[in-house]
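All values below were derived from every heavy atom in this structure, side-chain atoms included, with hydrogens, water molecules and symmetry-related copies excluded. Whatever order the structure lists ligands and atoms in, that order sets their numbers, starting from 1.
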Amino acid sequence: MVDGLSKMILIYFCVVCLYATQAAAVNRTFEVGYKTFLKDGEPYRYISGSIHYSRVPHYYWKDRLMKMKAAGLNTIQMYINWNVHEPKPGKYNFTGQQDVVQFMKIAQDVGLDVVLRAGPYICGEWEMGGIPPWVTKNNASIVLRTIDPQYLAAVDRWLSVLLPTIKPMLHINGGPILMVQVENEYGSYFACDYDYLRHLRLQFINYLGTEALLFTTDGAGENYLKCGTLEGLYSTVDFGPGDAVNYFKPMQKWEPNGPLVNSEYYTGWLDHWGSPHSQRDIPSIVNTLKQMLDLGASVNMYMFEGGTNFGFMNGANGAHPGFQPVPTSYDYDAPLNEAGDPTPKYMAIRDLLAKYNTGPLPPVPPALPKYAYGTVQMKFVSTVVEALHTLSPEPVQYKWPLSMEQVNQNYGFIVYRHLLRKNYTSPTLGCLGVRDRAYVMIDKQPQGIMNGDGPNSLNVSIVAGQTIDIIVENQGRINFGTSINGNWKGLIQNVTMGTEVLEDWEIFPLPLDNINEETLRKLEHSARSSPHLGALKQGGYHGKADTVVLTPSLYKGTFQAPNKPGFLRDTFLNMDGWFKGQAFMNGFNLGRYWPVKGPQVTLYVPSGVLKAYPAENDLVMMELEWAPCAMNNNQIGDDCTVKFIDTPIINSTSIAVSQFGHSP
Ligand SMILES: *[C@@H]1O[C@H](CO)[C@@H](O)[C@H](O)[C@H]1NC(C)=O
Ligand SMILES: *[C@@H]1O[C@H](CO)[C@@H](O)[C@H](O)[C@H]1NC(C)=O
Ligand SMILES: *[C@@H]1O[C@H](CO)[C@@H](O)[C@H](O)[C@H]1NC(C)=O
Ligand SMILES: *[C@@H]1O[C@H](CO)[C@@H](O)[C@H](O)[C@H]1NC(C)=O
Ligand SMILES: *[C@@H]1O[C@H](CO)[C@@H](O)[C@H](O)[C@H]1NC(C)=O
Ligand SMILES: *[C@@H]1O[C@H](CO)[C@@H](O)[C@H](O)[C@H]1NC(C)=O
Ligand SMILES: *[C@@H]1O[C@H](CO)[C@@H](O)[C@H](O)[C@H]1NC(C)=O
C-alpha cells in the first residue's frame with residue numbers, strides 16, 4: 001500500500017516535471033501559416049473585438065474585458081493613442097489612464113490575446129487621428145504621414161519610447177500581443193508614400209525584432225491595398241456586413257496563401273453632431289460574422305465596446321466648410337454600450353460564438369447598476385470673459401492672432417481680445433480662419449457667432465475704446481483624409497474690420513484643465529456680474545437669426561450621493577434645456593454637450609469621478625449659448641437646473657425653447 005502510494009507520487013512528480021520541462025521548451029511563436037495563423041506552431045484563429053483604453057475609465061478596464069471574454073472572444077484589438085502619451089514634446093505619460101501596459105496585462109489575465117495597432121496615426125475618430133497637435137507647431141504646412149522630416153523626427157522619437165515599452169508584451173516574449181499593425185488604412189491616404197511605410201517598417205523591426213508579426217489594414221478594395229501594403233507586412237482588410245466572400249477577394253490577391261483577416265468588422269458606426277444616431281441591425285451583423293467564421297477567417301469587431309471621448313478627445317471628419325465633429329459618446333451601437341452594458345446585440349453575438357467555442361463560455365457579468373442622482377440646482381458663477389484672468393493666468397500679447405499650436409495649447413478654447421482704437425463707419429468684423437466656432441462679444445455684450453463653415457463676418461455696433469472678445473472653440477481636429485493637414489485651431493487668419501487688419505491682441509489660452517475647487521473659489525469670491533443678454537444679429541442657431549443668447553458663462557451645482565456607505569454609481573447627465581458647452585464633474589472634463597444639435601443629449605458620468613456621501617460633488621458647466629434660467633431685467637436667476645438620470649439618451653435632439661419663445 002505504502003509502496004504503491006510512493007510509486008504514484010513518484011509518477012505524479014515525473015509527469016509534472018516532464019510537463020514543466022515541455023512547457024518551458026515550447027517556443028512562443030506567432031506566424032502566418034498556410035491559410036491560417038500559427039500560434040506556438042498550432043493553427044490559430046482569432047475572434048476579437050475593439051476596445052480603446054483611452055475611451056474606458058481605467059477602473060472599468062477589467063469589467064469590460066471580462067465581458068468581452070464572456071462573449072466568446074479570444075482576442076481584443078486596440079489602438080495606441082500617441083497624443084495622450086506625449087502631451088508635450090518629449091514628455092511622456094504611461095501611468096493611470098495612460099497605463100497601456102497594465103491594460104494589456106489585464107487582458108492577458110482575463111485570457112485575451114491582443115492585436116495591437118501601434119500607429120503612429122490611428123484615425124479612430126480620435127483627435128487628429130492620435131497625432132499630437134504640437135507636431136505642427138512650427139509649420140502648419142508639414143505633411144503628416146509622409147517622410148516629411150519634421151513629421152518623421154517626432155515619429156521616430158515617439159517610436160523609440162513606445163516600441164521598447166511594448167516589446168516585453170509581445171506573445172513571443174511572454175505577453176499577450178500576437179501581432180502589431182503599422183500605420184492605419186494607409187491606402188486611403190492621398191500620399192501613397194512607400195518610403196514612409198518602409199521607414200516605419202524598419203523602425204518596428206529595429207525595436208521589436210524580426211520575429212514580431214507586423215501587419216497592415218486597408219479598405220477591402222484593390223485601390224486601397226495598392227498604397228497601404230508593403231512587402232514584409234501582412235495585408236489585412238476591413239469591411240462591414242455584406243458578402244464576405246466577395247469582400248475578401250482583394251485581400252486574397254495580396255495574400256493568396258495566408259489566413260483571411262477582417263481587421264474592422266463594423267458592428268455599428270460613428271455619429272456626428274447634427275446627424276441621426278447610427279445603428280446597425282443585429283441579423284445582418286450576426287449573419288456576416290457567421291459567414292466569415294465559416295470561411296475560417298480571423299475577425300475583429302469594430303467596435304465591441306466604444307466608450308467615451310472624454311474631455312476634448314473627439315475627432316472630426318470633413319473640413320470647413322462641411323466640418324463634421326464627432327460627439328462625446330462613442331457608443332458606436334456596439335455590442336457593449338457606452339457604459340459597458342451588454343446589449344441584445346451582445347447576446348446575439350455571444351449565442352453565435354458559443355457554437356465556435358470548444359468549452360462553455362464564462363457567465364456574462366451583470367451590467368453595472370446606474371443611479372439617477374436627480375435634479376441639481378445650477379448657480380451662475382461668472383461670465384467667461386470676466387473669468388479670463390483666473391482661467392488663463394498667462395495671456396500672450398501679439399500683433400496678430402496666433403493659433404492654439406503657436407501658443408503651445410493642444411485643446412479646448414482660446415480667447416482673443418482687442419481694444420478698438422478708432423471709429424468705423426460700417427463696422428463689419430470678419431475672420432476667414434475661424435477654427436471652429438467663435439462667440440463675439442463687445443464690451444461683454446454678445447454679438448453673434450462666426451463659424452469656420454460660415455458665416456465668417458458680423459456687422460457689429462462698436463466705437464473706439466470698446467473691447468472685442470472672441471471666444472473660439474476647437475471642436476476637435478480632423479482625424480481622417482487629406483485634411484488632417486493644416487489643422488491648426490483658434491483663429492488662423494487675421495481679424496478684419498472692413499478691409500483693415502486689426503492689430504494688437506491679447507490671447508488667453510483656455511485649455512480648461514484647471515476647473516478645480518481653488519479656481520472656483522477664486523471666481524466665486526470675485527465680483528459677480530450676470531450673464532449679459534444680447535440679440536444675436538447674424539449667424540444664429542440652425543440658420544435662424546435674432547435668437548437671444550447669453551454671454552458664455554460658468555455655472556456650478558453641488559450634490560451629495562445617497563447616504564449609504566461608499567455608495568457610488570454610474571449616471572447620465574441630461575443636458576436637456578441647455579444648449580452647448582462643456583461639463584466638468586469634480587474637475588474631470590466629462591466632454592462636450594450640444595443637445596440642441598443631437599443626437600447625444602446625455603453625458604456618461606462614470607462612478608469614479610464622483611465622491612461618496614457626505615462629500616459634496618461639484619458639477620461645473622461652461623454654457624456658451626443659453627441657460628434655462630429665468631431672467632429679470634437682464635439678470636439671471638438661480639433657478640436653472642440639470643438632471644442626472646439612469647439611462648442614456650444618445651439618439652435624440654432636445655427641443656429647448658427659451659422663455660422668449662425663440663427656439664434654437
Ligand atoms: C526553440 O527555438 C530554438 C531557437 O530557434 C531552437 O533551437 C529550439 O529547437 C526550439 N525548440 C522547440 C521545442 O521547438
Ligand atoms: C499622467 O496621466 C494621469 C491621468 O491618467 C495624470 O493623473 C497624471 O498626472 C499624468 N502624469 C503626468 C506626469 O503628467
Ligand atoms: C513647412 O513645411 C513644408 C512642407 O514640408 C515645407 O515645404 C516648408 O518649407 C516649411 N516651411 C518652413 C518655414 O519651414
Ligand atoms: C467714435 O464715435 C463716438 C460716437 O459717435 C464718439 O463719441 C467718439 O468720440 C469717437 N471716437 C473717435 C476716436 O473718433
Ligand atoms: C452688413 O451690412 C451690410 C450693409 O448694411 C450688408 O450689405 C451686409 O450684408 C451685412 N453683413 C452681414 C454679415 O450681415
Ligand atoms: C496678418 O496680417 C499681417 C499684416 O498684413 C501679415 O504680415 C500676417 O502674415 C497676417 N497673418 C496671417 C495669419 O495671415
Ligand atoms: C432612442 O432609443 C431608445 C432606447 O433604445 C428608444 O426607446 C427610443 O425610442 C429611441 N428614440 C428615438 C427618437 O429614436
Side-chain angles (χ1 to χ4, degrees), residues 131 133-155 190-191 193 195-196 199 268-269 271 274-282 306 320 327 329 331-339 341-348 367 370 396-407 414 416 418 429-435 438 452 456 470 472 482 484-505 507 572 574-576 595-602 604 645-655:
I131 297 171
W134 52 256
V135 169
T136 69
K137 172 185 154 80
N138 294 320
N139 186 344
S141 309
I142 101 175
V143 191
L144 303 170
R145 305 177 71 195
T146 68
I147 54 160
D148 188 315
Q150 304 150 95
Y151 170 68
L152 273 196
V155 166
F190 79 97
D193 182 348
D195 289 337
Y196 168 58
H199 177 90
W269 198 246
D271 283 345
S275 300
H277 176 52
S278 301
Q279 279 176 295
R280 282 212 170 150
D281 70 286
I282 297 172
H320 293 293
S329 171
D331 178 272
Y332 215 83
D333 199 28
L336 290 169
N337 69 16
E338 181 182 5
D341 299 338
T343 62
K345 191 176 283 180
Y346 174 99
M347 296 314 292
K370 310 294 184 293
V396 176
Q397 319 276 337
Y398 203 69
K399 202 156 186 184
W400 305 296
L402 294 168
S403 74
M404 268 191 188
E405 292 77 2
Q406 288 173 304
V407 298
I414 182 167
Y416 298 86
H418 173 79
L429 186 74
C431 179
L432 293 175
V434 176
R435 296 291 180 274
N456 50 36
I470 307 176
V472 186
T482 310
I484 61 164
N485 295 294
N487 221 338
W488 273 8
K489 293 296 186 179
L491 296 181
I492 63 167
Q493 297 282 330
N494 278 312
V495 178
T496 50
M497 191 64 88
T499 55
E500 275 179 43
V501 169
L502 295 181
E503 292 185 341
D504 296 327
W505 291 85
I507 303 162
F572 300 92
N574 187 354
M575 299 313 306
D576 190 26
V596 293
K597 266 275 190 197
Q600 181 177 6
V601 175
T602 56
Y604 173 53
I645 59 178
D646 58 11
T647 45
I649 306 169
I650 54 166
N651 60 350
S652 188
T653 298
S654 72
I655 308 296

Check the angle between the aromatic planes of Tyr604 and Phe572 and answer parallel, tilted or perpendicular using the 30° and 60° thresholds.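 It falls in the tilted class, 30° to 60°.
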Contacting atoms of ligand 3, where contact means under 4.0 angstrom from a heavy atom of Asp148: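 Listed by number with element, the hits are 4 (C), 5 (O).
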Tell me which one of Asn138, Val135, Asn139 satisfies side chain to side chain contact (heavy atoms under 4.5 Å, CB included) with Gln150.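 The side chain to side chain contact (heavy atoms under 4.5 Å, CB included) with Gln150 is passed solely by Asn139 among Asn138, Val135, Asn139.
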Has ligand 6 got any nitrogen or oxygen that is less than 3.5 angstrom from a nitrogen or oxygen of Asn494?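 Between Asn494 and ligand 6, an N or O pair is found under 3.5 Å apart.
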Ligand-side contact atoms (ligand 6) for residue partner Ile492, heavy atom cut-off under 4.0 Å: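 Those atoms are 13 (C).
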Protein non-hydrogen atom found under 4.0 Å from [atom]:
atom: atom 9 (O) of ligand 6; answer: no
atom: atom 14 (O) of ligand 7; answer: yes
atom: atom 4 (C) of ligand 7; answer: no

Tell me which protein heavy atom sits closest to [atom], plus the residue, atom name and distance to 0.1 Å.
atom: atom 7 (O) of ligand 6; value: Trp400 CH2, 3.6 Å
atom: atom 6 (C) of ligand 7; value: Asn651 ND2, 4.1 Å
atom: atom 11 (N) of ligand 3; value: Asn139 ND2, 2.8 Å

Donor + acceptor pair across side chains of Glu338, Ser329 (<3.5 Å):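 On atom types as modelled, these side chains qualify, holding a pair under 3.5 Å.
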We want to know whether Thr602 and Asn574 form a side-chain donor-acceptor pair, criterion being a heavy-atom distance below 3.5 angstrom.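 Not at all, the side chains of Thr602 and Asn574 share no donor-acceptor pair under 3.5 Å.
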When rounded to the nearest 0.5 angstrom, what is the spacing between CE in Met404 and CG in Asn487?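 The CE atom of Met404 sits 12.0 Å away from the CG atom of Asn487.
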Reported CG-to-CG distance for the pair Leu429 and Leu502, which is rounded to 0.5 angstrom: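 Interatomic distance, Leu429 CG to Leu502 CG, rounded to 0.5 Å: 6.5 Å.
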Donor-acceptor contact present, side-chain Asn456 to main-chain Gly430, <3.5 Å: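 It does not hold such a pair.
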